[in-house]
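These notes concern the structure reproduced below.
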Amino acid sequence: QVQLVESGGGLVQAGGSLRLSCVTSGITVRAKAIAWYRQAPGKQREFVATISTDSKTYYVDSVKGRFAISRDNAKNTVYLQMNSLKPEDTAVYYCNLPVGPSNWGQGTQVTVSS
């Protein structure tokens, strides 16, 4: 069974930073691509970032240069470092497998105040 648990969200001011964590079980993160997604109020869930098995990273244009995805194989955890946060980054953030996604978890709320 694949399980992914998001944490690290919170309330920050515009320009601030947060680091989200995605702790996984039932998989080995070094052998799987992992992606972050977000869903803002009243909007569809969108792709944010992904890290491949060879550690190549991809980002949606709106977060390029501000967010960084990384992996800690020993901890079976994927992170999303979020810098220079903007109010439009406010959303519930989820991690999942971009290929053959598992059930969506509870996500973690990120709220950026202006």
Side-chain angles (χ1 to χ4, degrees):
Q1 59 277 17
V2 176
Q3 196 165 18
L4 308 97
V5 180
E6 305 94 340
S7 64
L11 173 63
V12 297
Q13 296 183 75
S17 297
L18 286 171
R19 188 173 75 158
L20 308 184
S21 297
C22 175
V23 178
T24 73
S25 61
I27 61 169
T28 301
V29 297
R30 76 172 68 89
K32 296 284 186 179
I34 306 291
W36 284 96
Y37 305 83
R38 66 187 180 187
Q39 187 167 22
K43 297 186 178 180
Q44 293 194 71
R45 181 164 45 232
E46 67 168 341
F47 166 82
V48 176
T50 191
I51 184 165
S52 68
T53 55
D54 62 353
S55 297
K56 189 170 183 64
T57 59
Y58 305 87
Y59 303 91
V60 67
D61 285 346
S62 59
V63 310
K64 285 181 179 176
R66 301 189 297 120
F67 291 9
I69 188 171
S70 62
R71 182 204 305 116
D72 186 328
N73 293 334
K75 296 180 179 179
N76 226 29
T77 299
V78 173
Y79 303 97
L80 185 67
Q81 179 67 47
M82 310 165 66
N83 299 323
S84 301
L85 283 162
K86 304 175 180 180
E88 51 262 45
D89 296 318
T90 294
V92 178
Y93 284 71
Y94 304 87
C95 58
N96 214 329
L97 309 177
V99 179
S102 181
N103 293 332
W104 297 94
Q106 80 284 356
T108 186
Q109 176 73 50
V110 172
T111 303
V112 184
S113 65
S114 60

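Residues: numbered from 1 along the sequence shown.
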> Taking all atoms of both residues into account, what is the closest heavy-atom pair of S102 and L4, and its distance?
Replying inline: CB-CD1, 4.1 Å
>> Quick one: does any side-chain atom of T50 pair with a main-chain N or O of I34 as donor and acceptor, under 3.5 Å?
In response: yes
> Honestly curious: do F47 and V92 fall in one hydrophobic cluster under the side-chain, below-4.5 Å linking rule?
Replying inline: yes
>> Under the criterion side chain to side chain donor-acceptor pair (under 3.5 Å), I'd like the reasoning laid out for R71 against T77: C-alpha separation, chi angles, the key distance, then a yes or no.
In response: CA-CA 6 Å; R71 182 204 305 116; T77 299; over 6 Å; no
> Does CG belonging to D54 count more than 12 external heavy atoms closer than 6.0 Å?
Replying inline: yes
> Crowded around E46 CD? As in, over 12 foreign heavy atoms under 6.0 Å?
Replying inline: yes
> Which heavy atom in S52 sits nearest to a heavy atom in A33, and how many Å separate them?
Replying inline: CA-CB, 4.1 Å
>> Do W36 and V78 make a side-chain contact, defined as non-hydrogen atoms from C-beta onward lying under 4.5 Å apart?
In response: yes
>> Could you check whether any side-chain N or O of Y58 sits under 3.5 Å from a backbone N or O of A35, counting only pairs where one atom can act as donor and the other as acceptor?
In response: no
> At their closest point, which heavy atom of S17 faces which heavy atom of Q81, and how far apart are they?
Replying inline: CB-NE2, 4.0 Å
> Hey, mind stepping through Y59 and V48 against side-chain contact (heavy atoms from CB on, under 4.5 Å) and telling me if it holds?
Replying inline: CA-CA 6 Å; Y59 303 91; V48 176; 5.8 Å; no
> If two hydrophobic side chains count as joined below 4.5 Å and joins carry through other members, does V5 share a cluster with L97?
Replying inline: no
>> Checking Y94 now: which residues fulfil ring-ring contact (aromatic ring centres under 6.0 Å, His included) with it, not counting sequence neighbours?
In response: W104
> Under 3.5 Å, side chain of R66 to main-chain N/O of M82, donor-acceptor pair present?
Replying inline: no
> Hey, mind stepping through V63 and R38 against side-chain contact (heavy atoms from CB on, under 4.5 Å) and telling me if it holds?
Replying inline: CA-CA 12 Å; V63 310; R38 66 187 180 187; 3.9 Å; yes
> Which atom names give the shortest non-hydrogen contact between T108 and G8, and what distance separates them?
Replying inline: OG1-N, 3.8 Å
>> Minimum heavy-atom separation for G9 and V110, please, with both atom names.
In response: CA-CG2, 4.1 Å
>> Checking the side chain of S62 only, and the main-chain atoms of V60 only, is there a donor and an acceptor separated by less than 3.5 Å?
In response: no
> Which atoms form the tightest heavy-atom contact between I27 and N76, and what is the distance?
Replying inline: O-ND2, 2.7 Å
>> Hydrophobic clustering (ILVMFWY, side-chain heavy atoms < 4.5 Å, transitive) - are L11 and Y93 grouped together?
In response: no
>> Listing request: all disulfide (SG to SG under 2.5 Å) pairs with a residue in residues 19-114, at least two apart in sequence or in separate chains.
In response: C22-C95
>> With a 4.0 Å cut-off on N to O distance, would you call D61 and K64 a salt bridge?
In response: yes
>> Same cluster or not: F67 versus Y79, using hydrophobic residues (I, L, V, M, F, W, Y) connected whenever any side-chain heavy atoms lie under 4.5 Å apart?
In response: no
>> Quick one: does any side-chain atom of T90 pair with a main-chain N or O of T111 as donor and acceptor, under 3.5 Å?
In response: no
> Is Q106 reaching over with its side chain to a backbone N or O of E6, donor-acceptor style, under 3.5 angstrom?
Replying inline: yes
> Mind checking whether V29 and V23 sit in one hydrophobic cluster, side chains of I, L, V, M, F, W, Y counted as touching below 4.5 Å?
Replying inline: no
